[in-house]
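Have a look at the structure below before the remarks.
What you see is a predicted model; the values in this text were computed from it and never measured. Sequence lines set the chain letters: A, B, ... in the order given, protein chains first and strands last, and positions in each chain run from 1.
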There are 2 protein chains.
Amino acid sequence: MDFSVQIREKGLKVTPARLSVIEVLSEGNQAFAHAELEKIFDTMDRVTLYRILNDFEYVGLVHKIVDAEGITRFALCKKSCPDKHHTDDHVHFNCQICHKMFCLDKVHEPQINLPNGFKAERLQTLIYGLCNSCNAA
Amino acid sequence: MDFSVQIREKGLKVTPARLSVIEVLSEGNQAFAHAELEKIFDTMDRVTLYRILNDFEYVGLVHKIVDAEGITRFALCKKSCPDKHHTDDHVHFNCQICHKMFCLDKVHEPQINLPNGFKAERLQTLIYGLCNSCNAA
DNA sequence: CCTATCTTTGCAACAAAGTTGCGTTTAGAT
DNA sequence: ATCTAAACGCAACTTTGTTGCAAAGATAGG
C-alpha cells in the first residue's frame, strides 16, 4: 500500500501531514473522530486537520459518518469510492463499550420498502451494540 | 389530544413555552431542527428551547435524530416511548429537495446479520431521497 | 384565594466543533 | 535551481450546545 501514490492519483499533493493522517486511518477497520486524531497529531494545527479530512472526503479517499450523538468520524474507503458523493455501501457499527466505530465492509445496506411516492437515493445504517472484542470480554 | 395532560403525566410542569413547542412538533410527521424551532419561537430564549427539547426527550415525549450532516432534529413520539432510552423503532427519511425529515412510523428497522461476535443493541436507519410531495413535483 | 416550594425561564458566560481569510511555506513541474 | 499553485499555520469568527445563577411562574396545601 503506497499511500503517496493514492494521494497523488487523486490530484492532491503528498505532504507529511497528509501521509501521517492516512496512515493512522488505515489502522484497523475503524472510523476516527476529529478529536481523536487531534490528540494523535498534537502538533498539527486543528484547521489543517479539518482541511485534510475534508479534502480526503472530497476526492473519495475517506468517508464521513455521523453517529446518533452527532460525533463525526472519518474512515478510509476500501475500494476507491467514486469521487465526491460516494455511497459507502456498508453498515457502520458503534460499540457501546469501547466507543469505536467499525466499518462492516461485508455487511451491505439492506433493501427497504418505502411508502408510495418516496424514492430512496442513499441509505445509511448505524448499529449500536457490542463489538466482537468487548463482547468476548 | 390534550398536550397539557401528556406533559403533566410525564412529571413536567405545563408552561406556555412547553405547550407551544409540543404543538409545533405535532404538525405533520416531521422532525424539527433546533435552528428551525428557534426561528418559529423567535422570542423564546435559545437555552430554554434546548432545555425543553432535552427534557421532552428525557421523559420520552420526543426522540432525537441526527442526520448524515450532523444536524440534530426532534420529533414527537407517537405511542409514548419508554422513558429515557427509547428505541424509536422506525426508519427516518430525509428529503434532498425540501430537507424535511420524516418519521416513517410504519416502516420498521430491518433485520441485519452481523459478523461473528458482534451484538446489536439498537439500530438506526436513515434514508435520503425524494419525499412524496417533492417526487410528484 | 393565598402562600410556600420547587420548577422553569432568561441572561451571561463558557465550551466544543467547524469555517474563513490571509500571509508564509512547500511540493513538484519546468 | 526556479517558479507557481497548493498546502499550512495562525487569528478570528460562527454555530451548536452547556452551565450557573437570580428572577419569575406553576401547582399542591392550607
Taking for B:Arg18 and for B:Val47 the nucleotide of DNA chain C with the nearest heavy atom, the one nearer the 5' end belongs to B:Arg18

Picking from D:dG17, C:dG18, D:dT27, the nucleotide nearest the side-chain atoms of B:His34 would be D:dG17

Closest to the side chain of B:Lys13, out of D:dC8, C:dC11, C:dT8, is C:dT8

Original post:
Hey, what's the ring geometry for B:His92 with B:His63, parallel, tilted or perpendicular (30° and 60° as the breaks)?
Top reply: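 Because their plane-to-plane angle lies in the 30° to 60° range, the rings of B:His92 and B:His63 count as tilted.
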
Aromatic ring pairing A:Phe93/A:Phe102, orientation class (parallel under 30°, perpendicular over 60°, tilted between)
tilted

Rounded off to whole Å, could you give me the [atom1]-to-[atom2] distance for the [X] and [N] pair?
X       : N      : atom1 : atom2 : result
B:Arg8  : C:dT7  : CZ    : C1'   : 14 Å
B:Leu53 : D:dT18 : CG    : P     : 11 Å
B:Phe56 : C:dT8  : CZ    : C1'   : 12 Å
B:Ile7  : D:dG25 : CD1   : C1'   : 15 Å
B:Glu38 : C:dG10 : CD    : C1'   : 14 Å
B:Phe41 : C:dT8  : CZ    : C1'   : 16 Å
B:Asp45 : C:dT8  : CG    : P     : 16 Å
A:Leu49 : D:dC8  : CG    : C1'   : 12 Å

Q) So, is B:Thr15 close to the D:dA26 phosphate, meaning a side-chain N or O under 4.0 Å from OP1 or OP2? A)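 Negative; the distance criterion is not met.
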
According to a strict under-4.0 Å criterion, is B:Asn54 in side-chain N/O contact with OP1 or OP2 of D:dG17?
no

message = Base, sugar-phosphate or nothing for B:Ala35? Non-hydrogen atoms, less than 4.0 Å.
response =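 B:Ala35: no heavy atom of the nucleic acid under 4.0 Å.
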
Margin query: For a quick check, tell me whether the side chain of A:Arg51 and the base of C:dG18 share a donor-acceptor pair closer than 3.5 Å.
Written below: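 When only heavy-atom distances are counted, A:Arg51 does not reach the base of C:dG18 through any donor-acceptor pair under 3.5 Å.
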
Per nearest nucleotide of DNA chain D, the residue lying toward the 5' end, A:Asp55 or A:Arg46, is A:Asp55

request  = Select from B:Thr72 and A:Met44 the residue whose nearest nucleotide in DNA chain D is closer to the 5' end of that strand.
outcome  =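 Between the two, 5'-proximity favours A:Met44.
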
No-hydrogen, no-angle side-chain donor-acceptor test under 3.5 Å, A:Asp105 and A:Asn29: yes

A:Arg73 and A:His99 have their tightest heavy-atom pair at NH2-O, 3.5 Å

In Å and rounded to the nearest 0.5 Å, what is the CG to CD distance from B:Asp89 to B:Gln124?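 Those atoms lie 12.0 Å apart.
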
